[in-house]
Amino acid sequence: MALSPRYVLRETGQNLWRNVLSSAAAIITIGVSLWLFGGFFLFNYAVDNATARWEGGIEFVVWMQPEATAEQDANIRNSIEGSPAIKEWVYVDQNQAYEEFREIFSDTPELIEVVSPDVLPPSYRVVPENPDADVVSELSDQFVGRPGVEEVVSADQTIRDIQRLADKVTRVFLVGSVILLTAATLLILTNIVSAIRSRGAEIEIMKVVGATNWFIRVPFMLEGLVQAVMGAMGAWVGLRILDDTVIKGLSEPDSLQLMQGFRVDQGEFYSTSLLVLVIAIVVSGIGSAVAVTRYLDV
Amino acid sequence: MIKLNNVTKVYKGTVVAVRDVTVDIAKGEFVFLVGPSGSGKSTFIRLLNREELPEHGTIYVAGRDIGTLGAWRVPFLRRNIGFIFQDFKLLPKKTVAENVAFALEVIGKPRHVVRKQVPAILELVGLAAKMDNFPHELSGGEQQRVSVARAFVNRPPILLADEPTGNLDPQTSVGIMKLLDRINRTGTTVVMATHDRSIVDTMRRRVIELDQGVVVRDQARGVYE
């Protein structure tokens, strides 16, 4: 016979209420650990977005004027190609620049609407043989002020520092979240074991009158799932706040120029939220499964 | 209805609880299991409910060899067997009606069936007026009546009782026995382990006597000893 939803909900609710304090502890622990876990992803996305132009060892970018002539462009290209100090380079034309622009500003379609490829500058993204800051500075200076060149921008030490700092911060987030998720799993397990013990008499009666194993187990497993999902909801609220205040705050126009690409788009936010929910379900599944298979003798 | 063929149950490899027992119990019979403490009465009952499995021999309940039942089918076997405990085992935070309804809810009976059957069985055991009371508000006899109602609410064809009057005074015990007799008259097979000499002697039903796990007497319309 099928599980009665009314029965399952009532029993699950009673289990949670009986262990209300430890349930709250589990929910908070899961929430904080998932928030750290989600935060790890959001910061990674934000740093990746902020430093996208500087990935792959690119140390400086020569921005050409949109209206630069073919001759001016060929001059710069020849200089880059002929320089033994340059390891490799990539040319980003106006259409590619527009695609990149659309990606960066996907959250602000009104901005995309007013910009067309012809107003965006093409650029040369350059990887030098020697990434030393002084060498890069000397090399990039050779292109400053030349005909057709709008601006030369270097990935200076600050960006490298930010990347290193971000690496450390996200590592702390990841390690912290893994430790807390382990604690959360154990808390869920402990809560369910405690519920099983406090309901020993009921379980005995259930077995004697012929309740199926799943009928006995499901309310306990659901208890773990409810705790995990509530924790995930708390984490989601925390991530929203993190995105709206810290991450968006860092990317505001009056902050450092290099931080202005520090942002998380909606797709990245929702994929992180989904991942947080999946992790919550996995955590509760592990805690519940261990509890009901090892401690519930049916 | 119940058939044990050369059944032996050994605990921890050395303690023989039931030794080479062969018994046949027909549908609708009322059987007393008697014998001193440790003679194997409770093990006999637990074997019928598949709480224990024998080391040797076969046990048939309603024509089915319960030793070969898969674990997932055991609950369905137990739905055909009511069980009455010596210490009632009522749930203290549930009312009388809720305690009885619990036995139906956990086997997935629909709400309308629960609503219909619970008052009917409480009427049968004489507790209709106390369905909203909690167990601690009842006497020992009344608590055991609730336990009987819970065991019989699903109308199982077999009722097992492990010393159901063990915690009751003689007068209250008589009331419980009248109730079990009434249930037996509906065609339900009743197997009851007991130490109560006066009940066995008064009712004069089949008596199976165990001693150190061995059946030493199987007597129709028997007495305690």
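Just so it is clear: chains get the letters A, B, ... in the order the sequence lines come, proteins before strands, and each one is counted from 1. A quick note: this is a predicted structure, and the numbers were derived from the prediction, not measured. In what follows, every heavy atom counts, from backbone to side chain, and hydrogens, waters and symmetry copies are set aside.
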Between A:V209 and B:N154, is a side-chain contact (heavy atoms from CB on, under 4.5 Å) present by the stated rule, with each step listed? CA-CA 9 Å; A:V209 301; B:N154 194 32; over 6 Å; no
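- Among B:E51, B:R50, B:R73, B:R78, the residue making the largest number of heavy-atom pairs under 4.5 Å with chain A is B:R78.
- Under the ring-ring contact (aromatic ring centres under 6.0 Å, His included) criterion, A:F41 pairs with A:F37, not counting sequence neighbours.
- Within 6.0 Å of atom CE in A:M230, 12 or fewer heavy atoms from other residues, nucleotides or ligands are found, so the atom counts as exposed in its surroundings.
- Other residues, nucleotides and ligands contribute only 12 or fewer heavy atoms inside 6.0 Å of the CE atom of A:M233.
- By the side-chain hydrogen bond (donor to acceptor under 3.5 Å, both in side chains) test, B:E137 is found to be paired with B:N133, residues two or more places apart in sequence or in another chain being considered.
- In this structure, B:F83 CZ and A:E204 CD are separated by 8.5 Å, a value rounded to the nearest 0.5 Å.
- Residues of residues 84-98 of chain B lying under 4.5 angstrom from chain A, judged on non-hydrogen atoms, are B:F85, B:K89, B:L91, B:K94 by number.
- B:F102 approaches A:M206 most closely through the heavy-atom pair CZ-CG, 3.5 Å.
- Proximity to chain A (any heavy atom under 4.5 Å) is shown, for B:L160, by neither the backbone nor the side chain.
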For residues 270-277 of chain A, please give each side-chain donor-acceptor pair under 3.5 Å, one per line with the distance, not counting sequence neighbours.
from, atom 1, to, atom 2, distance (Å)
A:S271, OG, A:G267, O, 3.3
A:S271, OG, A:E268, O, 3.0
A:T272, OG1, A:E268, O, 2.8
A:S273, OG, A:W236, NE1, 3.1
A:S273, OG, A:F269, O, 2.9

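- Crowding of A:R10 atom CZ: a count of heavy atoms from other residues, nucleotides or ligands under 6.0 Å exceeding 12.
- The OG1 atom of A:T212 sits 11.0 Å away from atom CH2 of B:W72, with the distance rounded to the nearest 0.5 Å.
- Heavy-atom neighbours of B:R182 CZ from other residues, nucleotides or ligands within 6.0 Å: at or below the threshold of 12.
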